[in-house]
Amino acid sequence: LGVDLIPPFSQGEFTVALELPAGTPLASTERTVRAIERDLLADPRIARVFSRVGEDPELGRAAAERRENLAQINLAIADRDDREQERRVVAAVRERVARESGIRAEIRRPSYFSFRTPIEVHVFGRDLDAIRRTADRLVVDLREMPGFADVRSSLEEGSPEVQVSFRRERLAALDLDLDTISRTLRNKIHGEVATRLKESDRQLDVIVRTAGATELDVDHVPRLVVDQVDGIPVNLSSVADVEIGVGPSRITHIGQQRAAVIRADLSGLDLAGAAERIETLLRRSPPPADVAARLGGQHEEVATAFRGFALAVFLAVFMVYLVMASQFESFLHPLVILFSVPLGLIGVVGALAVTGTAISVVALIGVVLLTGIVVNNAIVLVDFVNARRRSGRAKLDAIREAGRARLRPILMTTTTTILALLPLGLGLGQGAELRAPLAIAVIGGLLVSTALTLVVIPVVYATVDRKP
């Protein structure tokens with residue numbers, strides 16, 4: 001069976017995150033987005049399109065990341081219930097964006113249960129260049145593998161920047177202070193809040209900086225006056241080297257270690273299958289000795305969720321046993337009844353396999369519910385046997401009579417529960433993919449457990465209870 005954190009479900013809308021080449025002006029980004037918008041709006045399958053240019057709120061969860069080469073296009077599907085149409089629209093959008101040279105696109109859907117990307121590979125190390133080389137190689141390998149889409153790395157080339165390297169010996173010869181010089185340079189370009197102007201209930205910052213600093217040309221930066229010596233102005237080029245460079249877009253730390261995060265979405269592949277392919281890739285071509293790589297993202301969340309649900313099932317079985325032991329005044333008969341729980345798990349696995357449903361947190365919730373439901377039939381059966389034995393019937397006679405007398409009530413209660421869950425299991429309506437695994441797990445478990453309970457529980461009872 002496949003494994004997913006949450007079943008992928010259609011919501012009738014998605015977002016296309018665009019990243020143009022670093023240094024692209026805002027006006028050029030807007031023109032490109034408008035051209036894509038016009039083509040998308042001409043598609044009758046798309047009901048609504050709106051865009052945000054110059055920022056990406058998904059990159060920084062607390063605040064949007066603002067860069068002139070970023071944009072987001074939000075789309076709504078005309079027929080929100082048609083999941084196949086949404087898949088075709090996503091493919092058409094990817095094809096349209098691919099016609100624009102140099103644009104990186106990522107399809108995003110609203111996520112309500114996890115802030116992690118389905119696939120994340122964390123690459124750790126001390127040397128940033130070694131981390132970058134390993135991350136770039138993994139990105140290339142994942143893009144070539146089927147089942148992965150929108151593969152990208154957090155260690156990507158950043159925006160062009162002016163890098164100022166001060167010559168300390170020159171500053172010392174002129175008896176100038178590095179901190180003062182750098183602060184002066186910053187204030188000339190970025191500005192300094194000199195005072196605040198109070199206007200009714202608002203306070204406005206009064207910023208002092210070099211005239212025309214916002215339109216300052218790169219060639220003019222070395223000629224900026226940063227201090228004076230004996231009344232003679234000192235230009236920046238006299239005490240520093242100014243050159244154009246490229247800085248990293250971001251440096252990520254995970255567990256106080258430098259890391260690159262490679263993210264990818266899945267296309268026709270479940271989470272467990274994707275994780276297995278990546279682990280095989282890492283074993284076949286391991287990273288260098290000074291670099292380590294491991295899986296993160298929703299893969300980690302699945303492992304945590306499965307451990308939590310294993311504890312939940314254990315506690316459910318334990319509490320059911322305590323209740324039955326107190327009611328039956330026996331430690332043996334509740335154990336007989338609990339044999340119906342693994343019988344129900346057989347049905348869960350079979351139902352998920354037949355319907356092609358992956359194991360997920362939603363299906364595991366159904367397993368926890370099933371733990372309390374499947375024991376009901378066995379309780380009814382064993383309680384009737386005990387009542388007949390107390391009235392003087394032999395053990396085997398009491399078991400046979402219980403099977404005949406309790407068959408109809410057991411079938412009635414099971415049928416009503418299954419019919420009540422059937423609308424959820426059929427997966428009708430919006431968001432049905434999220435609800436269906438729970439119903440499928442419970443229906444499959446009940447069907448198999450009921451059929452086997454009528455056969456297995458009497459046999460187990462007759463075997464472990466030695467009294468005639």
Side-chain angles (χ1 to χ4, degrees), residues 313 316-355 357 363-426 435-468:
V313 171
V317 171
F318 179 69
M319 288 187 286
V320 167
Y321 177 81
L322 289 182
V323 171
M324 291 189 298
S326 64
Q327 293 297 314
F328 283 105
E329 297 180 351
S330 167
F331 291 107
L332 183 63
H333 292 157
L335 287 176
V336 174
I337 294 171
L338 287 178
F339 265 90
S340 58
V341 175
L343 302 181
L345 294 179
I346 296 173
V348 171
V349 175
L352 294 178
V354 168
T355 58
T357 304
L364 292 179
I365 294 174
V367 172
V368 176
L369 292 175
L370 198 64
T371 305
I373 296 174
V374 295
V375 297
N376 294 338
N377 296 333
I379 290 174
V380 170
L381 198 64
V382 172
D383 184 59
F384 192 91
V385 172
N386 290 342
R388 286 294 177 267
R389 294 184 69 187
R390 284 194 296 267
S391 66
R393 301 295 295 272
K395 180 175 65 174
L396 293 181
D397 291 338
I399 291 175
R400 280 191 285 268
E401 186 177 349
R404 288 191 297 268
R406 288 293 176 243
L407 176 61
R408 181 181 295 176
I410 288 174
L411 293 179
M412 288 172 62
T413 55
T414 300
T415 304
T416 53
T417 306
I418 290 174
L419 290 177
L421 290 170
L422 198 57
L424 288 181
L426 291 176
R435 304 185 296 265
L438 185 148
I440 291 171
V442 176
I443 290 173
L446 269 179
L447 280 173
V448 175
S449 175
T450 300
L452 294 180
T453 294
L454 296 170
V455 178
V456 175
I457 297 302
V459 173
V460 175
Y461 185 98
T463 302
V464 301
D465 194 317
R466 296 297 183 180
K467 295 179 182 179

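Every heavy atom of this structure was used, including side-chain atoms; hydrogens, water molecules and symmetry mates were not. Along the sequence shown, the residues carry numbers beginning at 1.
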Could you pull out every donor-acceptor pair under 3.5 Å between side chains of residues 363-375 and any protein atom, sequence neighbours left out?
| unit_1 | atom_1 | unit_2 | atom_2 | d |
| --- | --- | --- | --- | --- |
| Thr371 | OG1 | Val367 | O | 3.0 |

Could you give all pairs that pass the salt bridge (Lys or Arg N to Asp or Glu O under 4.0 Å) test and reach residues 402-422, with sequence neighbours left out? none

Do [X] and [Y] have side chains that get closer than 4.5 Å, going by heavy atoms?
X	Y	value
Asn376	Val380	no
Asn386	Tyr461	yes
Val348	Leu352	yes

Residues in side-chain contact (heavy atoms from CB on, under 4.5 Å) with Phe339, at least two apart?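 Phe339: side-chain contact (heavy atoms from CB on, under 4.5 Å) contacts with Ile457, Val460.
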
Grab the two heavy atoms, one from [X] and one from [Y], that are nearest each other, plus how far apart they are.
X	Y	result
Ser340	Ser449	O-OG, 3.6 Å
Leu381	Ala402	CD1-O, 3.7 Å
Gly444	Ala351	CA-CB, 3.7 Å

Under the side-chain contact (heavy atoms from CB on, under 4.5 Å) rule, what do Leu335 and Val464 come out as? Steps first, then yes or no, please. CA-CA 10 Å; Leu335 287 176; Val464 301; over 6 Å; no

Which atom pairs, one a donor and one an acceptor, fall under 3.5 Å between side chains of residues 414-424 and the rest of the protein, sequence neighbours left out?
| unit_1 | atom_1 | unit_2 | atom_2 | d |
| --- | --- | --- | --- | --- |
| Thr414 | OG1 | Asn377 | ND2 | 3.4 |
| Thr414 | OG1 | Ile410 | O | 2.9 |
| Thr414 | OG1 | Thr450 | OG1 | 3.1 |
| Thr415 | OG1 | Leu411 | O | 2.6 |
| Thr416 | OG1 | Met412 | O | 3.1 |
| Thr416 | OG1 | Thr413 | O | 2.8 |
| Thr417 | OG1 | Thr413 | O | 2.9 |

Under 3.5 Å, which donor-acceptor pairs link side chains of residues 319-332 to any protein atom two or more places apart or in another chain?
| unit_1 | atom_1 | unit_2 | atom_2 | d |
| --- | --- | --- | --- | --- |
| Tyr321 | OH | Phe331 | O | 2.9 |
| Ser326 | OG | Leu322 | O | 3.4 |
| Ser326 | OG | Val323 | O | 2.7 |
| Ser330 | OG | Leu332 | N | 3.1 |
| Ser330 | OG | His333 | N | 3.4 |

For the atom pair CD (Glu401) and CG (Asp397), what is the distance rounded to the nearest 0.5 Å?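 It is 8.5 Å, given to the nearest 0.5 Å.
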
Are any side-chain N or O atoms of Lys395 and backbone N or O atoms of Ala462, one a donor and one an acceptor, separated by less than 3.5 Å?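 Checking the backbone N and O of Ala462 against the side chain of Lys395, a donor-acceptor pair under 3.5 Å is found.
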
Going by the rule side-chain hydrogen bond (donor to acceptor under 3.5 Å, both in side chains), which residues pair with Thr355 if we only count those two or more places apart in sequence or in a different chain?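 Checked Thr355 against side-chain hydrogen bond (donor to acceptor under 3.5 Å, both in side chains); matches are Thr357.
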
side-chain contact (heavy atoms from CB on, under 4.5 Å) assessment of Leu345 paired with Val349: CA-CA 6 Å; Leu345 294 179; Val349 175; 5.6 Å; no

